[in-house]
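These notes are about the structure you will find just below.
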Amino acid sequence: MSIAARKAKTRSLYGTVTGWSARKSPVACEGPKMKRKSPATFAGCGLTPASAGRNKWAAMTASIWMQCVSGSGYTFSFYSPLLKSTQLYDQQTLDTVAFFKDIGANAGVISGAIYSSSPEASRPRLVLALGAVQCFAGYFFMWLSVSGILHRPPVPLMCLFMLLAAHSLTFFNTADVVTAARNFPDHRGTAIGIMKGYLGLSGAILIQVYATVYGNDRSYFLLMLSLLPTALALLLMYFVKVYPSNFQDDRPFLNVFSLIALVSAGYLMAFIILENILTLGSSVRSLTLLLLLILLISPIIITMKGHLRDSMLPSATISHERLLLANSDDPSEVPDLETESEENLNLFQAMQNCNFWLLFICMACGMGSGLATVNNISQIGSSLGYKSTETATLVSLWSIWNFMGRFCTGYISDHLFRSRRIARPLLMVITLASMSVGHAVIASGLPGALYLGSVLVGVCYGSQWSLMPTISSEIFGLRHLGTIFNAIAIASPCGSYLLSVRVVGYIYDMESHKRSCVGNHCFLLSFLIMAVCTLLGSGVALALFFRTREFYEQVLYARLRNLAVY
């Protein structure tokens, strides 16, 4: 069948499914031409504006705003000195509390299971509401403890508070990421990258908001973490839901979302660097915070434009599988995506697949070592002679590098997947190998090595959070994505416990005297071990690439070729 014939057959199917009848002139009623037509022209073609509820762009914007304040786990180094001093913890005890933070922030199977099993209309709403309750309870009791209102709790109870607070983040993340992936299935890498990118950026956003309001007094930071994410989730959860696909090219709008995210990250980075060089007054801080808030609010413009376009489209949808059928002379040539691919497996089916465990090992090596780095970055800076302002800058800049890895890898992997047919597991190989180099740089202890090493580790760490959910959705499907990628994410606290508590914390306490350690020897061995670990993860990712290469070629690339015909 020729390309022209395939296009005609596909449009005919689209008209059957949506009720789009091209009885008028092609110029007036043909799909691509409709973008420039008035509502009257739409009426002349037999089309009516869609209902105001069909607005996946509002869901995207609401999710972005929630992601901007959901990354409190990445600010642990900002308030950990206060936690350590008020609760009289040694380094290993502090790392144990951080380990429970990592468990809570990555054990998202419960949120994924609730999302998958709930009624379609209330899925994101229910998950977000449960996350809001946990967020408030966990951080509020931690604030009561460090402020002295609540008597110093035993370590297990503090670990429970931390677990509860961090676990709420998986509920926010599951609702936002899975909904975005389902709303933009053809651009899931970009959509997930945007969601994960803003989450990575949220640490710097939260610190800058707090520093503008309270200055250097960190005693109320935990109180802010208990209130701000909770309030936003409760206010915005009604906008987050899965909307039917309208068979339009969403890339231009997603590109604008991406541009806003990049500008926001660049603005934050410039402000953090400027803050480290100069002493900024309260009025300057307030002005910069106002500009940042304007940047973060600006996606609402894209929401209105996207809704304006979608409101003039027919309400029915068409599936990719039916388009593949339309573009084939012989229906037997069309791959059965439910059986031939590994799409739409549930968690138990996915766990019987070797690819699941290869991804799990990769994440244990990459995410575990990344968390061990960010959890101890303040102590690393102190041991190497960095000033407190410099370590605070490192914590804030970590969020920037984390964002760059999450966002850029999602966007670039989508581009390479579509234009160069490069499978995403290969990018995981490259990023984990680069992460190993970053750990080795930090281990060297050379002047400025912590800055350079934290850039490499932060970017590559963020990359894993973008690649893993996208690869999971491609191999195992979108239907149970929330459960599966959250199950794989459990590898992160497992790796973090081994590397942060059993390696970094143990070696630091062994090298330290009177609760402090000064010199390169404090973390040298720890980071050499983590460099070897991430190199091992890169090798496992290479095995995943070879195992899935045929699957990508026969199923995913074939689907792209068929969809490109329309």
Side-chain angles (χ1 to χ4, degrees), residues 58-79 101 104-105 108 111 124-125 127-140 142-143 162 164-177 179-180 194-214 218 220-240 257 260-261 264-265 267-268 271-272 285 288-300 374 395-396 398-400 402-403 406-407 462 465:
M60 186 74 167
T61 300
S63 295
I64 285 174
W65 289 344
M66 283 186 281
Q67 293 293 89
C68 285
V69 297
S70 295
S72 55
Y74 300 114
T75 64
F76 181 78
S77 291
F78 183 75
Y79 63 83
K101 170 186 70 70
S111 63
R125 203 174 305 167
V127 173
L128 290 170
L130 292 173
V133 173
Q134 293 178 77
C135 180
F136 176 77
Y139 280 119
F140 187 70
M142 287 181 65
W143 174 72
M162 180 61 79
L164 191 63
H167 193 233
S168 68
L169 308 183
T170 67
F171 282 73
F172 298 148
N173 193 46
T174 297
D176 294 335
V177 170
T179 303
I194 291 172
M195 290 294 109
K196 289 291 189 177
Y198 274 106
L199 180 65
L201 201 61
S202 62
I205 294 173
L206 288 168
I207 290 175
Q208 294 307 320
V209 169
Y210 183 82
T212 302
V213 177
Y214 288 99
R218 301 185 184 185
Y220 289 97
F221 187 69
L222 287 169
L223 179 61
M224 186 188 79
L225 294 184
S226 72
L227 297 176
L228 186 56
T230 301
L232 272 181
L234 294 177
L235 286 172
L236 300 175
M237 64 183 185
Y238 296 100
F239 295 96
V240 182
F257 276 117
I260 293 173
S264 301
Y267 177 80
L268 262 176
F271 176 71
I272 291 170
R285 280 184 170 276
T288 54
L289 178 60
L290 178 61
L291 293 176
L292 175 62
L293 292 177
I294 291 173
L295 279 174
L296 297 179
I297 293 173
S298 60
I300 198 171
V374 69
V395 174
S396 295
W398 172 275
S399 292
I400 304 297
N402 192 5
F403 162 82
R406 292 166 182 251
F407 167 74
W465 280 114

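As a basis for the values below, the full set of heavy atoms in this structure was taken, side chains included, without hydrogen atoms, waters or symmetry mates. Along the sequence shown, residues carry numbers from 1.
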### Query
Do the side chain of S168 and the main chain of Q134 share a donor and acceptor less than 3.5 angstrom apart?
no

### Summary
In terms of heavy-atom contacts, L201 and S264 come closest through CD2-CB, 4.3 Å

### Message
How long is the straight-line distance from CG of L293 back to OG of S298, given to the nearest 0.5 Å?
### Response
11.0 Å

### Message
Within the structure provided, determine whether I205 and L296 are in side-chain contact (heavy-atom separation under 4.5 Å).
### Response
yes

### Query
If you measure from SG on C68 to CG on L206, what distance do you get to the nearest 0.5 Å?
9.0 Å

### Query
For S111, what residues pass the side-chain hydrogen bond (donor to acceptor under 3.5 Å, both in side chains) criterion, not counting sequence neighbours?
T174

## Note on the structure
Value for CE (M224) from OH (Y214), rounded to nearest 0.5 Å, stands at 8.5 Å

### Summary
Correct closest heavy-atom pair for Y79 and M142 would be CE1-CE, 4.2 Å

#### Entry: Step-by-step ring-ring contact (aromatic ring centres under 6.0 Å, His included) determination, Y139 to F136
CA-CA 6 Å; Y139 280 119; F136 176 77; over 10 Å; no

### ring-ring contact (aromatic ring centres under 6.0 Å, His included) against F403, all qualifying residues, sequence neighbours excluded
F407

### Task
Start with the C-alpha gap between I272 and Q208, add the side-chain angles, then the distance that decides, and say whether side chain to side chain contact (heavy atoms under 4.5 Å, CB included) holds.
CA-CA 9 Å; I272 291 170; Q208 294 307 320; 3.7 Å; yes

### Task
Taking the side chain as every heavy atom from C-beta outward, state whether Q67 and N173 have any atom pair closer than 4.5 Å.
yes

### Query
Within a radius of less than 6.0 Å around CZ of F239, do more than 12 heavy atoms belonging to other residues, nucleotides or ligands occur?
no

### Message
Given 3.5 Å as the limit, does a donor-acceptor pair link the side chain of T288 with the main chain of R285, or not?
### Response
yes

### Closest approach of A62 to L236 (non-hydrogen atoms, all atoms of both residues)
O-CD1, 3.8 Å

### Student check: side-chain heavy atoms of L227 and L223 closer than 4.5 Å
yes

### Heavy-atom side-chain contact between T75 and L225 under 4.5 Å
yes

## Note on the structure
Closest non-hydrogen contact found for F172 with S70 is CD1-OG, 3.6 Å

### Message
To the closest 0.5 Å, what do you measure between OH (Y267) and CG (L291)?
### Response
4.0 Å

### Summary
Taken to the nearest 0.5 Å, the spacing of L289 CG from I294 CD1 works out to 10.0 Å

### Summary
Taken in chain and number order and not counting sequence neighbours, the residues that satisfy side-chain contact (heavy atoms from CB on, under 4.5 Å) with I300 are W65, I297

### Query
Shortest non-hydrogen contact from A180 to M195?
CB-CG, 3.8 Å

### Query
Distance from L234 atom CG to M66 atom CE, nearest 0.5 Å?
10.0 Å

### Task
For the residue pair I194 and M60, establish whether any side-chain heavy-atom pair is separated by less than 4.5 Å.
yes

### Task
Taking Y210 for its side chain and Y220 for its backbone only, find out whether a donor-acceptor pair lies under 3.5 Å.
yes

### Message
Give me the atom names and distance for the closest heavy-atom approach of N402 to G200.
### Response
ND2-CA, 3.7 Å

